[in-house]
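Residue numbers start from 1 in every chain, and the chains themselves are labelled A, B, ... in the order their sequence lines are given, proteins ahead of strands.
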Protein chains: 2
Amino acid sequence: MTDQDVRRRARGRPVATSHAEIEQAAFELFGERGFERTTLDAIAERVGVGRRTLFRYYQSKNDIPWGQFDQTLAGFRKLLAAQPHEIPLHDAVHRAVVDFNRFPDNARPSHRDRMRLILTTPELRAHSVHQYAAWRAAIAEYVARRTNARPSDLVPRLIGQVSLALALTAYEVWLDDESADLPGVLDEGMSNLVRYLCPT
Amino acid sequence: MTDQDVRRRARGRPVATSHAEIEQAAFELFGERGFERTTLDAIAERVGVGRRTLFRYYQSKNDIPWGQFDQTLAGFRKLLAAQPHEIPLHDAVHRAVVDFNRFPDNARPSHRDRMRLILTTPELRAHSVHQYAAWRAAIAEYVARRTNARPSDLVPRLIGQVSLALALTAYEVWLDDESADLPGVLDEGMSNLVRYLCPT
DNA sequence: ACAGTAATGGCACTCGTGGCGATAAAGCCA
DNA sequence: TGGCTTTATCGCCACGAGTGCCATTACTGT
């Protein structure tokens, strides 16, 4: 999971920290002072590393809460590709989205903490656009493959955007309601959307 | 439209510039050097005003391309409120969205230039989340009114998000294709979405 | 021990942003 | 005309994110 374990000791100087360590320290501080009032210096100090080094692990302060989203995204692409070709397109996409959002509860920081921070901090809400774009692209490419279109065509793009819309709505409702489970809200959203759009 | 005209000369020192003037200067520079490499100093200098003064007109550099979106948004709320109660909800919302996106071609910077800048500059794409949130809220409130729900409930939120998804997709396609007209792409997107979601 | 290698981390710089207070340019009124 | 009030401008300083540059450090392999 964490890079230290995977990465066979290369030749040079050993790493001084890890993504996991940085995220833990950062989330502690975010919890104490809030995201905006936590400086990179503070994070670096708590990790016991130079500020400059943080930028070797995360492109920006805003990327820290997302962790290693690249890897998560790769998992999502696999989920999409694994959907059976027989089922209708919208079912395939919806299933992949729902599966993608079944998270193990043992992560640390928890998925809920992550998403709460991201979705309640204005700056992070804005910055997340970049992650969302990559997520949408995964969907658009899948749809393009199945419909013999280009990812930049109207329908693939649209389905990517609408799937994101549904997911974001589900997340907001889920965060508002402690008892809700995410896959359930996603399903509920989807059926409401169909009810809204489809002529009787 | 512009504030100078409306605002009857108040008592104190007269204003040194206007939103329109700042936007023109800014768009000139954005065109020459790109958004990111245009500093606020450069804009202030071209307008002939102190850098500090720019912040009295726009909350941030990122807000300049959006112009006075508050006013635009107020117009959108009126469009929604003006929809007849008889037609189905999704028709009402869609009509308001389409009407909202009929823009007069005489604006300067043109609507197309504005949107191209916003949608092709990563930083602006991210920052636009704030404008979008206000736009979605207008829809959510309208839907809540018509369905006797709260704006924070699943369905109003969802319809706001999905409408935005559709609009953004339409904008991207519209910008890619010089010959496309925006209302047409919006309609096309909507019918494709219905086709995608609704069981035949 | 020495060379090679790769991560660290300090330094200096740019830029957006916000606070504070001084100042300029008008109108109002005597 | 001269002061008073009002309101916008603008300079100055400080902070934090982000970036390029480069010396340094701590390993591995020979």
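Remark: B/Tyr196 engages no residue in a side chain to side chain donor-acceptor pair (under 3.5 Å) (not counting sequence neighbours).
Side-chain atoms of A/Asp153 never come within 3.5 Å of backbone atoms of A/Val155 as a donor-acceptor pair (strictly under, hydrogens ignored). For A/Thr53 (side chain) and A/Val49 (main-chain N/O), no donor-acceptor pair under 3.5 Å exists by modelled atom type.
Atom CG of A/Asp63 is separated from atom P of D/dT19 by 10 Å (rounded to the nearest Å). Here C/dT8 presents its P atom at 11 Å from CD of A/Glu21, a figure rounded to the nearest Å. A straight line from CG of A/Leu29 to P of D/dA17 spans 12 Å, rounded to a whole angstrom. Rounding to whole angstrom units, CD1 of residue A/Ile64 and P of D/dA17 are separated by 10 Å. Between the NZ atom of A/Lys61 and the P atom of D/dC15 there is a distance of 16 Å, rounded to whole Å. What separates CG of A/Leu54 from C1' of D/dT19 is a distance of 14 Å, to the nearest Å. With rounding to whole Å, A/His127 atom NE2 is found 14 Å from D/dA17 atom P. At whole-Å resolution of the value, CG in A/Leu40 and P in C/dT8 are 15 Å apart.
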Residues 72-83 of chain A side chain polar contacts: donor-acceptor under 3.5 Å, at least two apart:
| from | atom 1 | to | atom 2 | distance (Å) |
| --- | --- | --- | --- | --- |
| A/Thr72 | OG1 | A/Gln68 | O | 3.4 |
| A/Arg77 | NH1 | A/Glu141 | OE1 | 2.7 |
| A/Gln83 | NE2 | A/Leu79 | O | 3.2 |

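The nearest heavy atom of DNA chain D to B/Val49 and to A/Glu36 marks one nucleotide each, and the one closer to the 5' end goes with B/Val49.
Residues B/Glu23 and B/Tyr57 bring no donor and acceptor atom of their side chains to less than 3.5 Å of each other. A donor-acceptor pair shorter than 3.5 Å cannot be found between the side chains of B/Thr39 and B/Asp41.
Here B/Tyr57 reaches the OP1 or OP2 of D/dT9: one of its side-chain N or O atoms lies under 4.0 Å away. Between B/Thr53 and D/dC10, a side-chain N or O to OP1/OP2 separation shorter than 4.0 Å is present. Here A/Tyr58 does not reach the OP1 or OP2 of D/dG18: none of its side-chain N or O atoms lies under 4.0 Å away.
When heavy atoms are screened at a 4.0 angstrom cut-off, A/Thr39 is found touching the sugar-phosphate backbone but no base atom.
For B/His130 and B/Phe69, the ring centers are positioned 6.0 Å apart or more.
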Inset, instruction - Would you give a per-nucleotide map of nucleotides 18-26 of chain C, 5' to 3', where B means the base has a protein non-hydrogen atom under 4.0 Å away, S means only the sugar-phosphate does, and - means neither? - result: BB----BBB
